[in-house]
Amino acid sequence: MRHRQLTWLVPALVLAFHASGVAAADKPAKDKKGAPPARPLTWPLPPEQPRIRYVTSYHGADDFKTKKTGRWKSLLLGQDPLSGMQADTLVKPYAIAVGTNGRVYVTDTAVRRVFVFDPDAKTLSFVGDSGSGKLTKPTGIAVDDDGTVFVADATLNRVFGYAADGRVVIAIGKDGELKSPAGLAIDSTRRYLYVADTAAHQVLCYSTADGSLVRAIGKRGGDTGEFNFLTNLFVDRNGRLFVSDTMNFRVQVFDADGHALRAFGTQGDTPGSFNRPKGVAVDSEGHIYVADTSFNNFQVFDAEDRLLLFVGAAGHEPGEFYLPAGMYVDRRDSIYVADQGNSRVQVFQYLRGGAK
């Protein structure tokens, strides 16, 4: 990254870090089931070049004007989303992945389903909600280049791989091997599946070809290469693994062979620090995105781990968050954030070169 990218971070942003409302943007219109605000919502504030733009939000079936079964209608029909029955509206989204086909896959730990939003076909479907592959508590999710959807189940302590027709084609994790699988990430080049095992304080690396264990990374501790209740993962285009080491208040980076490269972040309440980092992702230019559940925002760092910008504050409107969790950046540099407390996924776009 060129040093001038540090100009992203302007003094006004630092002062606004804990302010209510949308940091670095005017107050937008209400979020109406995925409809964009009446005027573009971008970060940072003009006259600075816009770097991040709000795009839309996903909530459920109503986004595409299909079968309308919201929370109250579900209750009337005896389909309580909080009980894990067949609701079609997000309640507590946790993790996100995007396939090469553009479909957006979202796990929901309350509804206990994997939502599949297809923006092109404008349809909503589901993965792992019936048959032998029925999920009980889906957490992490990842999709390989062949379209296999891998979903971690924190109750069954397995990772299941689903084909396009919904069949389970692979089950990963022998008895006792996984204690509490959370975030997942795919290295398509090497055919690796990384699993963040929160309770075991380590990352397990599996072969996506046969489900065999390749290596285990880390143990509980605070040194580089050790973890304390890690949560989510991301693999960048160079095969580097980024780990949200949540209760060590940092992000750790590993090479494709599992060797620790560096760690950044400390506990604090100022820009650039963390309190409960959850989601982590990297775009095509090497910018690192970290969603912090406590701060109700995501922060953007350059490849040298220097803070460039933060987006969001506590609230319910577009660009605001309530307990954000997982993140994902797709091949088009679209940024997805699981906004748990607001029962939605928010979508942003990184603007290369500050394009409008």
* **Intermediate values then yes/no, side chain to side chain contact (heavy atoms under 4.5 Å, CB included), Tyr289 and Val280** => CA-CA 5 Å; Tyr289 300 76; Val280 62; over 6 Å; no
* **Under 3.5 Å donor-acceptor, Asp245 side chain and Asn228 backbone** => yes
* Would you mind reporting whether Val282 and Val329 have side-chain heavy atoms less than 4.5 Å apart? => no
* To do: Show your working on salt bridge (charged side-chain N to carboxylate O under 4.0 Å, His left out) between Arg262 and Asp305 and close with a plain yes or no.
  => CA-CA 10 Å; Arg262 69 185 194 275; Asp305 310 329; 2.8 Å; yes
* Would a distance-only check, ignoring hydrogens and angles, find a side-chain to backbone donor-acceptor pair under 3.5 Å from Gln267 to Met247? -> no
* Asked: Considering all heavy atoms of both residues, which atom of Leu184 and which atom of Ala142 are nearest to each other, and what is their separation?
  -> CB-CB, 4.0 Å
* Structure fact -> Only residue of Arg53, Arg51, Gln49 satisfying side-chain contact (heavy atoms from CB on, under 4.5 Å) with Leu351 is Arg53
* **Stepwise side chain to side chain contact (heavy atoms under 4.5 Å, CB included) check, Tyr328 with Val337** => CA-CA 7 Å; Tyr328 192 84; Val337 184; over 6 Å; no
* **Joint hydrophobic cluster, Phe160 plus Leu193, side-chain heavy atoms closer than 4.5 Å** => no
* Starting from the C-alpha separation in whole Å, work towards a yes-or-no answer on side chain to side chain contact (heavy atoms under 4.5 Å, CB included) for Thr89 and Asp62. => CA-CA 8 Å; Thr89 302; Asp62 285 357; 5.6 Å; no
* Asked: Going through the checks in order, is the salt bridge (charged side-chain N to carboxylate O under 4.0 Å, His left out) test met by Lys137 and Asp153?
  -> CA-CA 5 Å; Lys137 189 177 181 181; Asp153 192 303; over 6 Å; no
* **Residues that Asp210 engages under side-chain contact (heavy atoms from CB on, under 4.5 Å), provided they are two or more places apart** => Ser207, Ser212
* Indicate yes or no: at least one non-hydrogen side-chain atom of Leu90 is less than 4.5 angstrom from one of Val111. => no
* Asked: If you take all heavy atoms of Phe274 and Asp292, which pair is closest and at what distance?
  -> CA-OD2, 3.4 Å
* To do: Looking only at non-hydrogen atoms, find the nearest pair between Ser343 and Pro93 and report the distance.
  => CA-CD, 4.0 Å
* Between the main-chain N or O of Glu317 and the side-chain N or O of Glu320, is there a donor-acceptor pair closer than 3.5 Å? -> yes
* Check whether more than 12 heavy atoms from other residues, nucleotides or ligands sit under 6.0 Å from atom CZ of Arg190, and answer yes or no. => yes
* Asked: Do Asn275 and Asp269 have side chains that get closer than 4.5 Å, going by heavy atoms?
  -> no
* Is it true that Lys92 and Asp108 have a side-chain N and a carboxylate O under 4.0 angstrom from each other? -> no
* Same apolar cluster: Val127 and Leu156, side chain cutoff 4.5 Å -> yes
* Arg344 and His316: which non-hydrogen atoms are nearest, and at how many Å? -> NH1-O, 3.0 Å
* Do Val98 and Val143 touch side chain to side chain, with heavy atoms closer than 4.5 Å? -> no
* Val347 versus Ile335: any side-chain heavy-atom pair under 4.5 Å? -> no
* Would you say the side-chain atoms of Tyr322 and Asn296 include a donor-acceptor pair closer than 3.5 Å? -> no
* Verify whether the ring centers belonging to Phe229 and His201 lie closer than 6.0 Å. => yes
* To do: Answer yes if the side chains of Asp197 and Gln202 hold a donor-acceptor pair under 3.5 Å, and no otherwise.
  => no
* To do: Could you tell me whether Phe150 and Tyr162 have their ring centroids closer than 6.0 angstrom?
  => no
* Asked: Is it true that Val311 and Met327 fall in one hydrophobic cluster, defined by side-chain heavy atoms closer than 4.5 Å?
  -> yes
* Ring centroid separation for Tyr105 and Phe115, is it under 6.0 angstrom? -> no
* Structure fact -> Across all chains, not counting sequence neighbours, the ring pair (Phe, Tyr, Trp, His ring centres under 6.0 Å) partners of Phe298 are Phe348
* **Gly225 backbone acceptor or donor facing Gln252 side chain under 3.5 Å** => yes
* To do: Determine whether Lys278 and Pro324 make a side-chain contact, defined as any pair of heavy atoms from C-beta on separated by less than 4.5 Å.
  => no
* **Test item: Asn232 side-chain N/O and Ala281 main-chain N/O as donor-acceptor pair under 3.5 Å** => no
* To do: State whether a side-chain donor-acceptor pair under 3.5 Å links Tyr54 with Ser57.
  => yes
* To do: Measure from the ring center of Phe227 to the ring center of Phe254 and say whether it is less than 6.0 Å.
  => yes
* To do: Quick one: do Arg352 and Asp333 satisfy salt bridge (charged side-chain N to carboxylate O under 4.0 Å, His left out)? Show the steps, please.
  => CA-CA 9 Å; Arg352 298 185 188 93; Asp333 287 336; 3.0 Å; yes
* Asked: Of all heavy-atom pairs between Thr246 and Pro277, which one has the smallest distance, and what is that distance?
  -> OG1-O, 2.8 Å
* Asked: Should Tyr350 and Leu309 be regarded as members of a common hydrophobic cluster, given that ILVMFWY residues are connected when their side-chain heavy atoms come within less than 4.5 Å of each other, either directly or indirectly?
  -> yes
* Asked: Got a donor-acceptor contact below 3.5 angstrom from the Asp255 side chain to the Asp257 backbone?
  -> yes
* Ala95 backbone acceptor or donor facing Thr107 side chain under 3.5 Å -> yes
* **Polar side chain donor-acceptor pair, Tyr336 to Asp330, under 3.5 angstrom** => yes
* Tell me whether the centres of the aromatic rings in Tyr58 and Phe117 are closer together than 6.0 Å. => yes
* **Pairwise distance OH(Tyr94) to OG1(Thr109) - rounded to 0.5 angstrom** => 9.0 Å
* Asked: Distance-only, no hydrogens or angles: does the Asp236 side chain make a donor-acceptor pair with backbone N or O of Asn238 under 3.5 Å?
  -> yes
* Structure fact -> Between Val235 and Ile186, the two heavy atoms sitting closest are CB-O, 3.5 Å
* To do: Count the heavy atoms of every other residue, nucleotide or ligand shown that sit under 6.0 Å from CZ of Arg158, and state whether that count exceeds 12.
  => yes
* Under the 3.5 angstrom rule, does the side chain of Gln346 hit a backbone N or O of Gly319 as a donor-acceptor pair? -> yes
* Asked: Mind checking whether Val195 and Val203 have side chains closer than 4.5 Å, heavy atoms only?
  -> no
* To do: Output, in order, the C-alpha distance, side-chain angles, deciding distance and verdict of salt bridge (charged side-chain N to carboxylate O under 4.0 Å, His left out) for Asp283 and Arg331.
  => CA-CA 8 Å; Asp283 69 21; Arg331 297 184 181 188; over 6 Å; no
* Asked: Judged by modelled atom types alone, do Thr100 and Asp145 share a side-chain donor-acceptor pair under 3.5 Å?
  -> no
* Asked: Are Arg113 and Asp129 close enough for a salt bridge, meaning some N to O gap below 4.0 Å?
  -> yes
* Side chains of Val114 and Leu135: closer than 4.5 Å at any heavy-atom pair? -> yes
* Asked: Is it true that the side chains of Glu177 and Tyr206 contain a donor and an acceptor less than 3.5 Å apart?
  -> yes
* To do: Determine, using the 4.5 Å side-chain heavy-atom cutoff (strictly less than), whether Phe321 and Ile52 are members of one ILVMFWY cluster.
  => yes
* Evaluation steps, side chain to side chain contact (heavy atoms under 4.5 Å, CB included), between Gln299 and Leu307 -> CA-CA 7 Å; Gln299 299 185 77; Leu307 179 65; 3.6 Å; yes
